[in-house]
Amino acid sequence: MTYTITALDSNQRVDKFLKRMLKDAPVSFLYKMFRQKDVKINGKKAKINDILKEGDVVDIYIKEQLLEQFRKEALLRPVKADFTILYEDENILVVDKPKGLLVHGDEGEKRITLQNMVLNYLKEKREWDPNQVNGFVPSPAHRLDRNTSGIVIFGKNLPTLQQLLELFRTRDRIEKKYTLLVRGTLPVLGKIDFPLLKDSEKKMVKVVPENRGGKPALTIYKRLKSYPAGYSLAEAELMTGRTHQLRVHFAYIGHPIVGDSKYGDFKVNDEFQELFGLKNQFLHASYFKFGKLDGYLSYLSGKEFTSPLPEKEKKILDALARM
């Protein structure tokens, strides 16, 4: 099999390119192909970490039977889209995720996910073919918890997704803010600077000193409004991107997010469910801004996206203001 690298396939390692093409091939099989010189770039033996450039010709020597076995058609589960588009161009798709919807599938749910909805949407627009030869799948550049609503950004092609992932990794050229309701009266301005450690087995995160494995985590916030009933509406900005960072940080300083079933005040949660039917944490990814970008996505420099609070949360705030 011979494939000529396009601009959209370039700037990636050849082993990752091969993995996208042969989705079901074991990693050991792919590495064996490199050892046996079954992968060549422009007629020369390819190394695993070679970076592909536009115009490169990749030859892959593999039996037709194995090719069919390892290149199963992408499994695209039909599902109705349930998201609002905030912005879209040929490279990115910015959507407003509702609460209760997974971004990616897990063991319990593989069909009704934001990822699957977006893929169906792009397939219908003929912007993505699940059976394209290079195997690229449009994907989100970051995650939101299932029960957090708000802005999620997808890369529609490989160069875009690569740059987005790097922006979210370094976090120095993006600005991301959340709106949240917490128990108690927050200071007008605040900074929460406590390292966090994820316990994968318990699926929990806790504050742990760095010398015991905690990773630096910094949150800054401002109080938007305080309510006589003893709650505060705040806007928080993530300076780092740790799992459950906002939920753990605010709980640790004694102001847990209302509705948080893992780290929150369970008595408060029960009251809000009984009074307002709130079953999820009051946490919404409300604002995103690109800083000064270079190269492929430079046209997005300074671009801002906003997502309004869901109607249920708005009604809760109105009710609190009347108490």
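For this chain, numbers begin at 1 and follow the sequence in order.
Qualifying side-chain hydrogen bond (donor to acceptor under 3.5 Å, both in side chains) partners for Ser28, counting only residues two or more places apart in sequence or in other chains: none. Partners of Tyr221 according to the side-chain hydrogen bond (donor to acceptor under 3.5 Å, both in side chains) rule, which considers only residues two or more places apart in sequence or in another chain, do not exist here. Residues forming a side-chain hydrogen bond (donor to acceptor under 3.5 Å, both in side chains) with Gln245 (at least two apart in sequence, or on another chain): Thr219, Thr240. Scanning for salt bridge (charged side-chain N to carboxylate O under 4.0 Å, His left out) contacts around Lys314 gives Glu311, with sequence neighbours left out. Residues passing the side-chain contact (heavy atoms from CB on, under 4.5 Å) test with Glu88 are Ile85, Leu93, Tyr121, Leu122, Lys125, Glu127, Lys156, sequence neighbours excluded. Under the rule for a ring pair (Phe, Tyr, Trp, His ring centres under 6.0 Å), Tyr296 has no partner lying at least two apart in sequence or in another chain. Evaluation of the side-chain hydrogen bond (donor to acceptor under 3.5 Å, both in side chains) rule for Thr2 yields Asp59 as partners, not counting sequence neighbours. With sequence neighbours excluded, no residue forms a salt bridge (charged side-chain N to carboxylate O under 4.0 Å, His left out) with Asp50. Residues satisfying the salt bridge (charged side-chain N to carboxylate O under 4.0 Å, His left out) test with Lys198, not counting sequence neighbours, are none.
A side-chain donor-acceptor contact under 3.5 Å links Lys262 to the backbone of Lys203. Side chain of His249 to main chain of Phe194: a donor-acceptor pair is present (N/O by atom type, distance under 3.5 Å, no hydrogens or angles). At distances below 3.5 Å, not a single donor-acceptor pair connects side-chain atoms of Glu237 with backbone N or O atoms of Lys222. With hydrogens and angles disregarded, a donor-acceptor distance shorter than 3.5 Å links the side chain of Asn120 to the backbone of Asn116. Using modelled atom types, no side-chain atom of Asp199 and backbone atom of Val205 make a donor-acceptor pair closer than 3.5 Å. A donor-acceptor pair under 3.5 Å is formed between the side chain of Lys19 and the backbone N or O of Ala25.
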Counting only pairs under 3.5 Å, give me each side-chain donor-acceptor contact of residues 224-233, with atom names and distances, residues two or more places apart or in other chains.
unit_1 : atom_1 : unit_2 : atom_2 : d
Ser232 : OG     : Gly184 : O      : 2.7
Ser232 : OG     : Leu186 : N      : 3.0

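The aromatic ring centroids of Phe282 and Phe250 lie 6.0 Å or more from each other.
Side chains of Asn157 and Thr160: a donor-acceptor N/O pair is present below 3.5 angstrom, by distance only.
Checked for salt-bridge contact, Arg13 and Asp15 meet the test: a charged N lies under 4.0 Å from a carboxylate O.
Across all non-hydrogen atoms, the minimal contact from Ser139 to Gln115 is CA-OE1, 3.7 Å.
Identified under the salt bridge (charged side-chain N to carboxylate O under 4.0 Å, His left out) test for residues 179-189, with sequence neighbours left out: Arg183-Asp265. Within the structure, the side chain to side chain donor-acceptor pair (under 3.5 Å) test picks out the following pairs touching residues 268-287 (sequence neighbours left out): Thr148-Gln281, Ser149-His284, Thr179-Ser286, His284-Ser307, Tyr287-Glu304.
Heavy atoms from other residues, nucleotides or ligands lying under 6.0 Å from NZ of Lys206 number 12 at most. Crowding of Lys215 atom NZ: a count of heavy atoms from other residues, nucleotides or ligands under 6.0 Å not exceeding 12.
Screening Val258, Leu246, Asp260 against Leu283 for a side-chain contact (heavy atoms from CB on, under 4.5 Å) leaves a single residue, Leu246.
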